[in-house]
Novice: 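Dumping the structure here so I can ask a few things about it.
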Amino acid sequence: MSALSVEEARQLVERIKLFAQPQRLIILDALLEKGSLAVGELEACTGIGQPTLSQQLGALRRAEIVVPRRESRTIHYSLASEEDGLRVRALLGLLRGDHAALPALHAVSERYGGGKRTTAQREAEGGAQFARIRMNDPQRQ
């Protein structure tokens, strides 16, 4: 893994700030667990009121982590890609200290943490970049 440049560190800090908001983490967790949800369903299962929910979904949409899909007058939200789902699962698992998230952490590490890539390659991949994480896992020994 190459040394972190000041510009790359700034970009990562901006990405981390996106996740450093309780309602956003709750929304992402709900989408991760239940898949695509209408705004009303998200409101019901998260307990986040509509104005706040719309604001937080807007931030996640601008960051291209979630995508909207319109069905008639209803808007459904889902994670933008499988890659984003993997990153969210790994991040939430890491923050929770959940050993069940080790496979997601390993997958993120394999995809994004290993090998030398140019800045252009990292930017093309988008999203957060995670370092390789090694934990004592009895199943892997």
Side-chain angles (χ1 to χ4, degrees), residues 1-71 73-141:
M1 186 170 228
S2 61
L4 192 63
S5 71
V6 173
E7 182 56 33
E8 186 179 13
R10 283 187 183 126
Q11 290 172 356
L12 292 174
V13 165
E14 288 306 310
R15 192 71 172 182
I16 289 169
K17 285 180 186 178
L18 183 69
F19 293 104
Q21 212 292 333
Q23 287 92 356
R24 290 184 200 142
L25 289 178
I26 292 168
I27 291 165
L28 292 170
D29 186 54
L31 292 174
L32 188 62
E33 295 304 314
K34 299 178 192 254
S36 179
L37 291 170
V39 174
E41 293 170 324
L42 263 171
E43 186 177 6
C45 76
T46 63
I48 300 170
Q50 200 280 325
T52 303
L53 184 61
S54 291
Q55 181 183 29
Q56 301 310 328
L57 283 168
L60 292 168
R61 190 177 59 245
R62 286 187 297 278
E64 299 178 347
I65 295 172
V66 300
V67 292
R69 177 179 48 86
R70 181 177 289 278
E71 273 186 25
R73 292 173 29 178
T74 305
I75 298 176
H76 294 260
Y77 281 91
S78 60
L79 293 168
S81 68
E82 245 181 75
E83 299 281 320
D84 287 309
L86 184 61
R87 288 184 193 117
V88 169
R89 187 177 305 282
L91 178 63
L92 290 174
L94 180 64
L95 294 173
R96 286 176 171 157
D98 183 359
H99 291 300
L102 286 175
L105 290 169
H106 180 69
V108 167
S109 177
E110 288 298 314
R111 289 186 189 179
Y112 303 104
K116 294 190 177 196
R117 296 179 321 278
T118 67
T119 301
Q121 287 171 318
R122 286 191 297 271
E123 288 173 1
E125 291 167 354
Q129 304 295 318
F130 294 93
R132 178 176 284 276
I133 298 168
R134 294 185 186 262
M135 300 176 93
N136 291 336
D137 181 4
Q139 295 175 350
R140 298 187 76 200
Q141 293 177 354

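Counting begins at 1 with the first residue of the sequence.
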Novice: Could you list the donor-acceptor pairs under 3.5 angstrom formed by side chains in residues 44-52, with sequence neighbours left out?
Specialist:
unit_1, atom_1, unit_2, atom_2, d
Thr46, OG1, Leu42, O, 2.6
Thr46, OG1, Ile48, N, 3.2
Gln50, NE2, Ser54, OG, 2.6

Novice: Do you know which of Arg89, Lys34, Arg96 makes salt bridge (charged side-chain N to carboxylate O under 4.0 Å, His left out) with Asp29?
Specialist: Arg96
Novice: For Glu82, what residues pass the side chain to side chain donor-acceptor pair (under 3.5 Å) criterion, not counting sequence neighbours?
Specialist: none
Novice: For the residue pair Leu37 and Ala30, what are the closest heavy atoms and their distance?
Specialist: CD1-O, 4.1 Å
Novice: To the nearest 0.5 angstrom, please state how far the CG atom of Leu28 sits from the CD atom of Gln21.
Specialist: 10.5 Å
Novice: Look up atom CG in Leu91 and atom CG in Asp84, then write down how far apart they are to the nearest 0.5 Å.
Specialist: 11.5 Å
Novice: What pair of heavy atoms forms the shortest contact from Leu25 to Phe19, and how long is it?
Specialist: CG-O, 3.4 Å
Novice: Taking all heavy atoms of Ala9 and all of Leu4, pick out the closest pair and write down the distance.
Specialist: CB-CD2, 3.9 Å
Novice: Within the structure provided, determine whether Glu14 and Leu18 are in side-chain contact (heavy-atom separation under 4.5 Å).
Specialist: no
Novice: Can you tell me how far apart CD1 (Ile27) and CG (Leu79) are? Round to the nearest 0.5 Å.
Specialist: 11.0 Å
Novice: Identify all side-chain donor-acceptor contacts of residues 56-69 below 3.5 Å with residues at least two apart in sequence or on another chain.
Specialist:
unit_1, atom_1, unit_2, atom_2, d
Gln56, OE1, Arg24, NE, 2.7
Gln56, OE1, Arg24, NH2, 3.3
Arg61, NH1, Tyr77, OH, 2.8
Arg62, NH1, Gly58, O, 3.3
Arg69, NH1, Glu71, OE2, 2.3
Arg69, NH2, Ser36, OG, 3.2

